[in-house]
Amino acid sequence: MYSSSPDDTWRQIHLGRLLGHALRRFDARVLALMARDVEVPLALAHLAARQQVTAAHIHITRHLALEGSRLTELAARAGMSKQAMGDLVDQCEAWGLVVREADPRDARARLVRFTPTGLAWLDAFRRAVAQAEAEFRAEVGHEVATVVMLGLEAYAAGGAA
């Protein structure tokens with residue numbers, strides 16, 4: 001029979017769990033800010049406000065190159081399967097954020113590109129991230145926020161090798 005340790009709190013407060021909670025809180029705040037951004041096309045703002053746009057859709061916003069990306073590249077950057085990314089691209093295409101076009105370097109391949117509406121969405125994302133980061137700094141203090149950013153950058157870069 002399995003016996004647990006008397007102090008089981010470590011499962012709730014370890015670094016991975018805290019990072020996950022922080023990421024979900026940050027992404028939710030970014031989406032809430034985008035839902036209220038007057039420069040976001042109204043239909044997209046309504047989707048964000050009704051939580052139809054999720055953190056998963058933010059992967060496209062974070063990872064799609066301005067010059068366009070192949071679906072396989074986009075999926076790899078986001079750490080998702082090609083099929084899952086394809087489903088997200090389909091939704092974003094239906095919403096007018098992206099379009100699939102022929103790759104001028106390879107006629108057999110397709111590129112996913114931002115539409116003008118998608119570029120407006122990307123700009124709203126930039127503003128929302130900046131505000132969410134400013135709110136984080138205000139909540140935890142400038143020094144703590146700087147240390148957290150430096151630590152996370154170092155930790156994330158260590159996994160790139």
Side-chain angles (χ1 to χ4, degrees), residues 1-41 43-66 69-95 97-98 112 114 118-161:
M1 176 165 192
Y2 175 79
S3 74
S4 63
S5 104
D7 181 13
D8 206 23
T9 59
W10 67 269
R11 294 189 311 151
Q12 303 303 313
I13 59 170
H14 65 81
L15 181 60
R17 187 171 172 99
L18 294 172
L19 287 170
H21 283 307
L23 178 60
R24 284 187 294 280
R25 179 180 175 194
F26 189 86
D27 283 349
R29 181 64 180 141
V30 167
L31 287 171
L33 290 166
M34 292 175 76
R36 293 194 318 249
D37 189 321
V38 296
E39 294 184 39
V40 170
L44 291 172
H46 285 304
L47 286 170
R50 292 192 326 265
Q51 300 177 344
Q52 297 296 311
V53 179
T54 67
H57 295 94
I58 295 298
H59 284 308
I60 292 175
T61 310
R62 282 189 179 121
H63 300 290
L64 181 58
L66 292 177
S69 302
R70 291 184 180 177
L71 188 63
T72 52
E73 298 167 340
L74 188 55
R77 280 190 215 119
M80 299 174 67
S81 71
K82 183 180 172 186
Q83 181 178 356
M85 180 56 74
D87 291 344
L88 289 175
V89 168
D90 288 344
Q91 288 178 334
C92 289
E93 193 170 28
W95 295 338
L97 293 174
V98 299
V112 179
F114 283 115
L119 291 172
W121 176 262
L122 181 63
D123 198 40
F125 179 71
R126 179 191 53 77
R127 289 189 302 275
V129 165
Q131 182 168 339
E133 285 184 4
E135 291 170 359
F136 172 74
R137 287 185 178 282
E139 187 169 326
V140 302
H142 179 74
E143 294 80 13
V144 170
T146 299
V147 169
V148 167
M149 288 283 288
L150 291 172
L152 289 174
E153 286 175 1
Y155 185 71

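Residues passing the side chain to side chain donor-acceptor pair (under 3.5 Å) test with E139 are R25, sequence neighbours excluded. Checked against salt bridge (Lys or Arg N to Asp or Glu O under 4.0 Å), E135 has the following partners two or more places apart in sequence or in another chain: R29. Every residue meeting the side chain to side chain donor-acceptor pair (under 3.5 Å) condition with R127, not counting sequence neighbours, appears here in chain and number order: D37, D123. Applying the side chain to side chain donor-acceptor pair (under 3.5 Å) criterion to E153, with sequence neighbours excluded, gives no partner residue. Judged as a side chain to side chain donor-acceptor pair (under 3.5 Å), and not counting sequence neighbours, the contacts of T146 are R137.
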Extract all donor-acceptor atom pairs below 3.5 Å that involve side chains of residues 85-92 and protein atoms in other chains or at least two apart in sequence.
unit_1, atom_1, unit_2, atom_2, d
D90, OD1, R100, NH1, 2.8
D90, OD1, R100, NH2, 3.1
Q91, OE1, H57, NE2, 2.4

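The shortest non-hydrogen separation linking S81 to A75 is O-CB, 3.7 Å. Residue L74 comes nearest to S69 through the heavy atom pair CB-CB, 4.4 Å, listed as atom of the first residue, atom of the second, then distance.
Taking OG1 from T72 and CZ from R77, the interatomic distance works out to 9.0 Å, rounded to the nearest 0.5 Å. Here CG of L19 is found 7.5 Å from OH of Y155. Values are rounded to the nearest 0.5 Å. In this structure, the separation between CG on L31 and CZ on F26 is 10.5 Å, given to the nearest 0.5 Å. To the nearest 0.5 Å, the span separating CE on M80 from CG on L71 amounts to 9.5 Å. The line from CZ of F125 to CG of L33 is 11.0 Å long, rounded to the nearest 0.5 Å.
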I'd like to know whether R62 forms a side chain to side chain contact (heavy atoms under 4.5 Å, CB included) with V129, so could you lay out the CA-CA distance, the side-chain angles of the two residues, the decisive distance to 0.1 Å, and finally the verdict. CA-CA 11 Å; R62 282 189 179 121; V129 165; over 6 Å; no

List the steps and the verdict of side chain to side chain contact (heavy atoms under 4.5 Å, CB included) for L97 and T61. CA-CA 9 Å; L97 293 174; T61 310; 6.0 Å; no

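Contact check for L119 versus L66: side-chain heavy atoms found under the 4.5 Å cut-off. Side-chain atoms of L64 and V98, non-hydrogen and from C-beta on, do get closer than 4.5 Å to each other.
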